[in-house]
Amino acid sequence: MRLLLSSLLLLSIGLVVSANTSLPDKFYGKFTLDHSENFDEYLEAKGYGWFTRKLVTLATFEKVFTKGAGSTFDYENLTTKKNVAYKGVTLGKEFEGEGLDSEKHKV
């Protein structure tokens, strides 16, 4: 009996968790990066030169999240260098998209 009750509890928890695959409403909107910590050091450790690091750290960054169809959402990464948009993103589902470096990345 305990095994049956435990199994039913785990099944119902799994259904609740799997049903929550949409982005919570509080994450929709436009967000502007106002500061970052140790970003220049991170870029230097990744091998970027001084000039490139200064260009990146002086750039403006904005993120825009909007509701898409069904449980999907759209995401825009807006910078002074390049804008990148991802349409129809589903939480937990990997996709390939173009990064700010113009290369394809798995996201």
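These figures come from a predicted structure and were not determined experimentally.
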Is F95 atom CZ crowded by more than 12 heavy atoms from other residues, nucleotides or ligands, each under 6.0 Å away? yes
Between the CG atom in L33 and the OG1 atom in T60, the distance rounded to the nearest 0.5 Å is 9.5 Å
Nearest-0.5 Å distance, CZ of residue R53 to CD of residue E44: 4.5 Å
So, T79 side chain and K82 main chain: donor-acceptor pair closer than 3.5 Å or not? yes
Does a donor on one side chain and an acceptor on the other come within less than 3.5 Å for K87 and T72? no
Would you give the length of the straight line joining atom CG of D25 to atom NZ of K67, rounded to the nearest 0.5 angstrom? 4.0 Å
Check against side chain to side chain contact (heavy atoms under 4.5 Å, CB included), E94 and V107: CA-CA 6 Å; E94 185 178 271; V107 181; over 6 Å; no
Separation between CG (L58) and NZ (K81), nearest 0.5 Å, reads 14.5 Å
May I ask you to check whether Y86 and Y75 place their ring centres under 6.0 Å from each other? yes
Consider only side-chain heavy atoms of I, L, V, M, F, W and Y, link residues closer than 4.5 Å, and tell whether V89 and V84 are in one cluster. yes
Would you check if V56 and L43 make a side-chain contact, meaning some heavy-atom pair closer than 4.5 Å? yes
I want to check something: taking the side chain as every heavy atom from C-beta on, are F73 and L91 in contact at a cut-off of under 4.5 Å? yes
With a 3.5 Å distance limit and no angle check, can you tell me whether D74 reaches the backbone of G88 through a side-chain donor-acceptor pair? yes
Is atom CD of E41 surrounded by more than 12 heavy atoms (other residues, nucleotides or ligands) closer than 6.0 Å? yes
The reported gap from CG in D40 to OH in Y48 (rounded to nearest 0.5 angstrom) is 12.5 Å
Just verifying a value: how many Å separate F61 CZ and S36 OG, rounded to the nearest 0.5 Å? 8.0 Å
Is the shortest side-chain heavy-atom distance between E62 and F31 below 4.5 Å? no
